[in-house]
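In each ligand, atom 1 is the first atom listed, and ligand 1 is the first ligand listed.
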Amino acid sequence: MDQKKKILDNYKKKINLLKKHNKLYFAKDRPSISDSEYDQLKKEILELEKKNNLLGKLKLSEKIIGATPSNKFKKIKHIIPMLSLSNAFDKSDINDFINKIKNFLNIKDEDIEFSSEPKIDGISASLIYKDGLLIKGLSRGDGLVGEDILENLKTIKSIPKKIKNRNVPSLLEIRGEIYIGKEDFKSLKESFANPRNAAGGSLRQKNSRETAKIPLKYFAYGIGAVDPKVFKTQSEFLKKIKEWGFSTNSLIKTVKNLEEIQTQHSYLDSIRSSLDYDIDGIVFKVNNLSLQSRLGSTSNSPRWAIAYKFSAEKAITKINKITIQVGRTGAITPVAKVDPVTVGGVVVSNATLHNEDEIGRKDIRVGDTIQIQRAGDVIPQVIAVDLSKRPQDSKKYIFPEKCLCGSITYKEKSKSTNKEDAVRRCLKGYECDFTAREKLKHIVSKDAFDIEGLGKKVVDKFWQLKLIRKPSDIFSINYNKIEKLEGWGTTSIQNLKNAIENSRIIKLDRFIFSLGIRHIGQENAKILASFFKSIKEFSRLFDKKKRDEILRNLIDLDGIGQTQIESINNFFSNDINNTITNELVKNLKIEDFKIQNKKGKFSSKNIMFTGGFKRMSRSEAKSLVENNGGKVLSTISKKLDILVIGDSKPTRKKIETAKNLNIKILKENEWYKILEL
Ligand code: IVH
C-alpha cells in the first residue's frame, strides 16, 4: 500500500474516533475517555493536518471541532427569573428592611408576618412539574437562563418524580437548595474544598451516574411559576408541599416583628454548628403572597425578602505591610497584608482598610496587631487595633498621594453637597494600566459581557502577557500564545473562543453597564437604554455638540440625576474613552432596547404623580405603572399623558400646567378605580 493511503487512513480513523467521542461527550453525556485523552486526540489530528499538505486542505477537524458547543448542558429560560437576595448584617439593616416594606405598602401600625427560614449554603435548583410529573430541572444559571440538569436532579432520591395528590396545580415550580450533609462530606474532603463546592460539582457532572454516587440532599424553599395560583401564604405553601412529599426544613417558623426576628437569629446562630448542613444566615420572607406580589422586585432581588447573615467570624493577626489597590473607577483602596490566619475555615492574608480616612480614624499602622472579620465572600475587614501590642518604634501610616501608575490622585468634591469624597482616585482611566486592567475585568463579568472562562485571574494572566490591553482586544486574542500556557488545552481554548464569539451579541443595557461609567449601575444602564433605544442613538454621546443637548434631556428620566449626568459627561469628554468605546462597538452586534411591552393598562403611557395617596406609597404607584407598561415622568411636558393627583398636598403649579397643556387628570379615587382596587 502506498504511503499516502496509509496516512489518509490513519487520519480518517482518528477523525471518526473524534466524532464518536464528541457524540458520547456532548449528546449522550457518557464519555468513555478522559478529558486529557480527548484533548490529546484532537491535538494529534491538528498536528497531522499541519504536517501533511493534503490533510491540511481537507481540514476535516474544522467541522467537528468548530461545532463543539461551549457547554455540556442545554440552556433553558426560567419561566420566572431566579433572583438573588439582598443581605442584612445587623438589627438596623432589618429595621430598614421592615420600614421600607411598610413605606412601600403605606402601612403604619400593623405588624407584617414573615416566614423565617434557615439560609442553606448549597446550590439552588428549580423543579418543574406538569400535572404532578417532574418534567424539567434547571440550575439557576445567570438567573434568567438556567442549565438543564434534570437527569442529575432525578438521581436525588428524596426529590419526588411524581406527586401523588389530586390537588396539585397543573403547573408547579418548586425551588430549593441542593446540599451535601457535613457528615457525608467527610468522605469527599479530598476532592472538594467545602460541601457547597462538592454539591455544585456533583450537580454539574456530565454523567448522571456520577451524580448518583454523591449523597446529595435538598430542601424546598420557594414557589416559582404556579398555575392555578392556589397558595395564599409562604407557610401554607411549605406545609402543602411537605404533605406532597417534598423535603422542607424543620426550623422554619413565622415571626412578626423586629424582636422575634432578632430572637430567631440568635437562636439559629447558637445551634448552627450542631446542624448537619451549613447555613450562613436566615431568609426572612413576607409571608402573605399577595403582599409579596405588591412589593415586587428591583432588578436583582425581591423587595419582600432578605438574607440576615450570621455575624462574621473573627481572628487576630498582624499587619506586615500596607499596599494600595486600584479599582476600575480609579478608586485607591489601601490593603493590609497580614500574617496568614484562618477565619471561618478560610486562610486570609489580605484585609481591606477601605480608605485614607478609615486608616486615620483607627490609626492603623504597619506592625500593628489587629482583629479582622470575614463575612461571606467579601474581603475581610479590620475591626480593631490592639494598642497594647503596638511596637514602640511604630510610625503613623502616610497615605501615598500617587497611584501605582505614578499619577497624582485626587479626592473629588461632590457638587451637590460640597463635601470631599473619602476616597482618593486616579483619574487617568484607560491611561492608567491598573485602572484599565480592572475595567477589563468588569467588562467580562457576569452582569456585563458574561464571558465564561475569562475570569479575573485569566484577565490578569492575559494582561501580563500583553494579550489584552483594551476591551476590543478580547475579540482578537492570539490563541496560539494561549495554547502554550499551562492549564490550557484545545477544549478549554475552544470553549473560550465560543464564549467570546457568543458575547458579541449583547443587549444595549448590558453594553452600557459594561462601560463602567461611574454611578451607572445595572438599574441606571437600563434606564439609559430605554431612553437611547439603539446603539446608534447612544453613540451620539461621542459628539461634543450633540452630547450637551442629550444630557439636558436626560434630566427628565426618573432615576437619573445630576451626579449621573456629570459622570456620563466626564466619561465621554475623554477622547480615549470615546476611541475605546468606538473600537469595542465595531466588534459587536448591539441589540436595540426592547421595551418590555408589558401588556397593561398603561401601555406606552407617560404618567406623573403629585401629592400623596392614602392607600399606597409613591414607590408602589410607580411600580404599578411600570408593571403595566407605562413610564413615570418626573417633569411635566407635552409628553405627559396623565397626571394623577393624590389627596395629600398636591402641587398646584403642576395641576395648572397640566390643565394648560390639556393633559388628562385623575383624582385619587379615580386612580384606584382604574387599578380596580
Ligand atoms: S429564597 C428571590 N430561601 O440563597 C429569593 N433562598 O442569595 C430567592 N437559599 O439563590 C431565594 N436557602 O440559593 C431562599 N430558604 C431559602 C434559601 C435560599 C438558601 C439560597 C438560594 C438563593 C440564595 C439567595
Side-chain angles (χ1 to χ4, degrees), residues 78-89 93 97 101 114-127 137-147 149 153 156 173-181 194-200 202-204 216-226 231 233-239 241-242 246-255 261 264-265 268-269 272 275-289 291-310 375-378 446-447:
H78 290 294
I79 310 174
I80 298 171
M82 284 181 90
L83 302 175
S84 50
L85 291 171
S86 46
N87 290 327
F89 295 99
D93 291 345
F97 167 67
I101 289 178
F114 294 96
S115 171
S116 156
E117 310 171 6
K119 184 168 182 295
I120 318 295
D121 196 9
I123 302 290
S124 53
S126 143
L127 305 166
L138 306 182
S139 68
R140 179 172 182 275
D142 66 359
L144 294 176
V145 176
E147 287 173 321
I149 50 165
L153 287 168
I156 302 174
E173 179 185 1
I174 304 277
R175 292 177 174 179
E177 198 80 351
I178 314 287
Y179 69 95
I180 290 178
N194 55 44
R196 188 172 187 277
N197 281 353
S202 318
L203 263 189
R204 297 191 81 260
L216 293 169
K217 295 186 180 133
Y218 84 101
F219 281 122
Y221 63 64
I223 318 174
V226 182
F231 310 108
T233 63
Q234 166 77 3
S235 42
E236 178 206 332
F237 160 76
L238 290 168
K239 189 167 161 250
I241 63 166
K242 187 173 177 208
F246 290 87
S247 114
T248 56
N249 190 282
S250 61
L251 297 163
I252 291 174
K253 62 177 282 182
T254 56
V255 292
I261 288 181
Q264 187 64 2
H265 190 255
L268 285 189
D269 199 3
R272 69 192 269 220
L275 301 174
D276 184 45
Y277 42 87
D278 279 327
I279 62 175
D280 56 351
I282 309 183
V283 186
F284 290 99
K285 304 174 182 172
V286 169
N287 198 26
N288 182 316
L289 297 184
L291 290 187
Q292 279 190 9
S293 106
R294 274 180 67 188
L295 285 158
S297 43
T298 64
S299 61
N300 286 322
S301 52
R303 293 192 188 88
W304 46 264
I306 200 154
Y308 190 178
K309 294 294 186 80
F310 291 130
D377 287 337
V378 294
K446 210 170 169 97
D447 294 325

* Evaluate salt bridge (charged side-chain N to carboxylate O under 4.0 Å, His left out) for Glu117 paired with Lys119, printing each intermediate quantity in order. => CA-CA 6 Å; Glu117 310 171 6; Lys119 184 168 182 295; over 6 Å; no
I'd like to check whether [X] has a polar contact with ligand 1, where a contact means an N/O of the residue lying under 3.5 Å from an N/O of the ligand.
X	result
Trp304	no
Leu83	no
Glu177	yes

* Asked: Judged by non-hydrogen atoms, does Pro302 sit under 4.0 Å from ligand 1?
  ->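 Per 4.0 Å heavy-atom rule, Pro302 contacts ligand 1.
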What protein heavy atom lies closest to [atom]? Include the residue and the distance to one decimal.
atom	answer
atom 3 (N) of ligand 1	Lys285 NZ, 3.0 Å
atom 17 (C) of ligand 1	Tyr221 CD2, 3.5 Å
atom 10 (O) of ligand 1	Ser124 OG, 3.8 Å
atom 4 (O) of ligand 1	Lys119 CE, 3.2 Å
atom 12 (N) of ligand 1	Ile120 N, 3.2 Å

Quick one: which ligand 1 atoms are inside 4.0 Å of a heavy atom on [X]?
X	result
Pro118	12 (N), 15 (N)
Val283	3 (N), 16 (C), 17 (C)
Glu117	3 (N), 15 (N), 16 (C)

* Asked: Applying a 4.0 Å heavy-atom criterion (strictly less than), which segment of Leu85 is in contact with ligand 1: side chain, backbone, both, or neither?
  ->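 Within the 4.0 Å criterion, Leu85 contacts ligand 1 through backbone and side-chain atoms alike.
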* Asked: Considering only heavy atoms, does Met82 approach ligand 1 within less than 4.0 Å through its side chain, its backbone, both, or neither?
  ->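 Near ligand 1, Met82 shows nothing, with every heavy atom at 4.0 Å or more.
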Rounded to the nearest 0.5 Å, how far does [atom2] of [Y] lie from [atom1] of [X]?
X	Y	atom1	atom2	result
Ile252	Lys239	CD1	NZ	14.0 Å
Lys309	Asp93	NZ	CG	12.0 Å
Ile80	Glu173	CD1	CD	6.0 Å
Leu127	Arg175	CG	CZ	10.5 Å

* To do: Verify whether the ring centers belonging to Phe97 and Phe114 lie closer than 6.0 Å.
  =>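 For Phe97 and Phe114, the ring centres are under 6.0 Å apart.
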* **Phe219/Tyr179 aromatic ring centres below 6.0 Å** =>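 Ring-ring flag for Phe219/Tyr179: true, centres closer than 6.0 Å.
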* To do: Say whether, by atom type as modelled, one donor and one acceptor occur between the side chain of Ser247 and the main chain of Tyr218 under 3.5 angstrom.
  =>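 Yes.
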* Asked: For Thr254 and Asn287, does a side-chain donor sit closer than 3.5 Å to a side-chain acceptor?
  ->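 No, Asn287 and Thr254 have no side-chain donor paired with an acceptor closer than 3.5 Å.
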